[in-house]
Amino acid sequence: MENALARAGLWYTLLVIAIVAVAGAHDVGFAVHMWIVAGVAVIGLIATLSRYDYNAAANRILRAPNDPSRYDDEPVRWGVIATVFWSIVGLFAGLWIALQLRFPELNFGEYATFGRLRPLHTSAVIFAFGGNALIATSYYVVQRTCRARLAFPRLARFVFWGYQLFIVLAASGYVLGVTQSREYAEPEWYVDLWLTIVWIAYLIVFVGTLLRRSEPHIYVANWFYLSFIITIAMLHIINNLAVPVSFLGSRSYSAFAGVQDALVQWWYGHNAVAFFLTVPFLAMMYYFVPKQAERPIYSYRLSILHFWSLIFLYIWAGPHHLHYTALPDWAQTLGMVFSVILWMPSWGGMINGLMTLNGAWDKIRTDPIIRMMVAALAFYGMATFEGPMLSIKAVNSLSHYTDWTIGHVHAGALGWNGLITFAAVYFLTPRLWKRERLYSLRWVNWHFWLSMLGIALYAGSMWVAGITQGLMWREYGADGYLVNSFAETISALMPMYLMRAAGGVFYLAGAVLMVANVWLTIAGKVRDEAPMSDAKYDPQADRPIVAEPAE
């Protein structure tokens, strides 16, 4: 009872602070955010003072198993639900802004313009969809590989709900125009402070679980997750160093200026791609690919070499975003050289993942989840070849500021991050809710092919659009003047923009199919469907006589 009263006191104090902040707010965006915080405080206060068992209600809604388990999977189940939800939000926002580029009349009013919705899309896909997937899978993996329950269970739940509050504050801020205008780091100072608190709590939970492990060895996936958590904390704190204009307003000034500010931003920006969109998703690969293939990782030694080389090299590659700028030439060249070298450890990870299927390649024909994982690894290999190539100055002079970069980013994000996350969701759902299998494996197959068609249309159209832009921008006439006006280059891209939107429709349709599949699986339903295997095919024909791991 005393604990409940103490928590109620904290919620009440937060409510009072939020209302005072609303009263003294210097701008509308800050006032709206404080109203959101006040609403959260009211919900928390009611939940604390009520005798109603909200945890039991949540379990009934999610149909979670009520049997005792050696692992704490409740926040993992929440994370899977949040991942599926935010995937639809982020992908729909992306489709909408793609249509806005082709049909400018879709820019409605002040709050639904491309400039407001574009960061909403990127943050929803990266931090809401991707971030929830990473928190959920890291909680799941660290418990299984350490043979220990989550440390600090209440703190683990605080991380989940605190992260959802961060997402809501960030997204609403973009629509309201509350932004630092820093790529992948748009939230203002007070939202950044809240995320810092949540992230430190996340680190404590993860490290605490590692320290509680009964398994003496730390599996390589946990090294990737741990480096992701620590490095993102460092990047986030340094890049978002700022001085608020007022503690009751949303505006702030960066601690850096000029070329130093640009260098810090792209040191952060590229390493957000490295340590948020690459390293932890490789952790997912190192756990879920062997589990789904029922094969040990091809080479554990290669995984260790992959980890340390990737960690060392990636942190230096950011300056390649600033070619032909005021950044010193030596720094630009340094970023280019390290980016090119990165190709080798990146492909080491891809090869390690693909070779894990040695002796189980027949599963690609019969298991669409494995097929998703293999396709994800193929896109990872492609993106980590194209990225170093685009960092070379001669290539960058043509590709930079064009849609080629957009095609490169989305081939990696949709192909690598999207497919490996979808596969992890399909792996986790029946296990977390104690179901015999997914509602429909054939729906997973449909999801895979819809995604592949969407990626092909999206990336292909943007590659063509980007090269078209680059060539038109650098075309000079005999008189030394540019041949093409800006309007003419935009007009030339309209067919590609329409094709990109069509790709988004297919990819979003696959995600909607996933939502239905996950929901029906949680509900305990099973679709009556024929197996995907071919009776005339002998799977043993592809297997070696003695199937052994490489190490």
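- For Tyr507 and His410, the distance between ring centers is not under 6.0 angstrom.
- Trp519 and Phe85 have their aromatic ring centers separated by at least 6.0 angstrom.
- In this structure, Trp194 has its ring center closer than 6.0 angstrom to the ring center of Phe158.
- For an aromatic pair to be called close, the ring centres must be under 6.0 Å apart, and Phe276 with His236 fails this.
- Note that the CG atom of Leu150 and the OH atom of Tyr71 stand 11.0 Å from one another [nearest 0.5 Å].
- For the side-chain contact (heavy atoms from CB on, under 4.5 Å) test, residues two or more places apart in sequence or in another chain that qualify with Val374 are Leu354, Leu357, Ile364, Ile370.
- Annotation: side chain of Val80 is in contact with side chain of Trp433 (closest heavy-atom distance under 4.5 Å).
- Contacts of Ser309 classified as side chain to side chain donor-acceptor pair (under 3.5 Å), with partners at least two apart in sequence or in another chain: none.
- Side chain of Ser339 to backbone of Pro388: no donor-acceptor contact under 3.5 angstrom is found.
- Ring centroids of Phe160 and Tyr163 are separated by 6.0 Å or more, keeping the two rings apart.
- A salt bridge links Arg157 to Asp72: one of the charged nitrogens lies within less than 4.0 Å of a carboxylate oxygen.
- Applying the side chain to side chain donor-acceptor pair (under 3.5 Å) rule to Glu215 yields no partners; only residues at least two apart in sequence or on another chain are considered.
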